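Taking it in order: structure first as structure tokens, then the write-up.
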2 protein chains.
Amino acid sequence: MAREAREEEGYVVQRRRRLLDVETILDAALACIDERGRLTMADLAARLGASASSVYHHVSGRPEIVEMLRERLVAHLEIPPLDRSDWGDQVASWMRSYRQALAEHPNLIPLLSEQTMTAGSVLLGYDRVADLLGTAGFPEDQVMLWVSVLDSYALGAALDLAAPDEVWGAGGGDTPALEAALRAAPQGRARADAAFELGLEALLAGMRSRLPVGPV
Amino acid sequence: MAREAREEEGYVVQRRRRLLDVETILDAALACIDERGRLTMADLAARLGASASSVYHHVSGRPEIVEMLRERLVAHLEIPPLDRSDWGDQVASWMRSYRQALAEHPNLIPLLSEQTMTAGSVLLGYDRVADLLGTAGFPEDQVMLWVSVLDSYALGAALDLAAPDEVWGAGGGDTPALEAALRAAPQGRARADAAFELGLEALLAGMRSRLPVGPV
DNA sequence: ACCTGAACACCGTTCAAGT
DNA sequence: ACCTGAACACCGTTCAAGT
């Protein structure tokens, strides 16, 4: 295997198939991150069955791999459809898909937030959001502020996803109200999901109440 | 200098003053981070005028230094005073002081978010917030969710502070609404500050509107 | 064109040896 | 008790040499 026969000028040429390409490198890199929570070139090369130096014939280095993972992650986001439905619903579904994409690879989040998270298709999405907010009636000089607010909330919620479960319980007895609240709430991922939805609704409700004119 | 005279049993003993201690190590580490945006043991040792290995007689290693910087940062936070003023005002001022503390060392934020950010005095603050929210009338099983929401927003806003200015302008012509919004808004740090306040108000307004009974 | 091993500079950390 | 230089294991990256 790992060979292909190619007919050329009447000769049958046995040629070694390329061992590596960018897509398989990215797949293996994501596997490293998902399974071990970090990305080293040695681990990556081992998974690929190649040497670490081989990788450099296809990508410029580790930073570019992380960048490409960001692009790939973010390329699958559904851009808000810009239809005639409620602007808040459209913003909410965009926020959900953004967070959902991050949620599928929580170990990737710390690597992505080494650089800025806001690039590529995320920018396209926020362009639509800016459009929606302007059309909805927000003052021109406020639109960018609301976009920043939504971005902050989405990133913070993503970090919340990547954080371990027990962080809130570390008070050791001197945080009684927090511990009681913790016991009464859903646990782990279910809490992160419920909190995200609750906060998103509150944020959009607060935005709506600040609209100069009422919604159509 | 760097010497002290100590009288002991009638003899005057010239003794070298301890070259290093935890506080000076933390000061130098913060200087590394503020000035270069990263923390290496070599850079740290150079600033201290000592060898890298000396540092290990006072701290267990680099991770503990970062942990101690987190504790020091967060130790200066004003815990909400639990007075009879409006719960929203108290939560808002706590959120502001949290973000303000992070804003003073933006380069520290990525290092802190390698681990979870929520520990120490931050937990104490959220214990007060949980108390406030319960007293304000939020259902017991929602209190922890709102705490998570506030935490997400504070962390996201902190990441927004650490991010460079030009991220939103990278659309290159195919994000016209975003670019128009960007031009109409305040720039840089002023935008981050205005966005944080606007979003915080909206979030608290949305929370208020979800209170089962009206505020006292 | 693609892959490799060896080498390099740079990390954090350890430790035997000094005072 | 505190500090040091040398050494170590482990990073990402480069490059001359192979096919």
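Since the structure is predicted, the reported quantities are computational estimates derived from the model, not experimental observations. Per chain, numbering begins at 1; letters A, B, ... match sequence-line order.
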What's the closest nucleotide to the [X] side chain, out of [options]?
| X | options | answer |
| --- | --- | --- |
| B/T40 | C/dG12, C/dT4, D/dC11 | C/dG12 |
| B/R38 | C/dT13, D/dC3, C/dC11 | C/dC11 |
| B/Y56 | C/dG12, D/dT4, C/dC3 | C/dG12 |

Between [atom2] of [N] and [atom1] of [X], the distance in whole Å:
| X | N | atom1 | atom2 | result |
| --- | --- | --- | --- | --- |
| A/D21 | C/dA1 | CG | P | 17 Å |
| B/L39 | C/dC10 | CG | P | 17 Å |
| A/E64 | D/dG12 | CD | C1' | 14 Å |
| A/M41 | C/dA7 | CE | P | 20 Å |
| B/H57 | C/dT14 | NE2 | P | 11 Å |
| A/I25 | C/dC2 | CD1 | C1' | 12 Å |
| A/D43 | D/dA9 | CG | C1' | 16 Å |

Hey, are A/D21 and A/H58 close enough side-chain-wise for a donor-acceptor pair under 3.5 Å?
->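 Side-chain D/A pair, A/H58 to A/D21: absent.
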With a 4.0 Å limit, can you tell me whether [X] has a side-chain N or O closer than that to the phosphate oxygens OP1/OP2 of [N]?
| X | N | answer |
| --- | --- | --- |
| A/S51 | C/dT4 | yes |
| A/R18 | C/dC3 | no |
| B/S53 | D/dT4 | no |
| B/R62 | C/dC11 | no |
| A/H58 | C/dA1 | no |

Basic-acidic side-chain contact under 4.0 Å: A/D141, B/R183 |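 Judged by the 4.0 Å cut-off on N to carboxylate O distance, A/D141 and B/R183 do not form a salt bridge.
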Presence of salt bridge, B/E35 and B/R47, under 4.0 angstrom | yes
Partner of D/dA9 by Watson-Crick or G-U wobble geometry, both contacts under 3.5 Å, or none?
-> none
Now, which nucleotide makes the Watson-Crick or G-U wobble pair with C/dA16, with each of the two distances under 3.5 Å?
-> D/dT4
Contact class for B/I65 vs. all strands (heavy atom < 4.0 Å): base, sugar-phosphate, or nothing?
->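 The residue B/I65 makes no contact with any strand.
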B/F138/B/W87 aromatic ring centres below 6.0 Å = yes
Side chain A/D127, main chain B/L178, donor-acceptor under 3.5 Å =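 It does hold such a pair.
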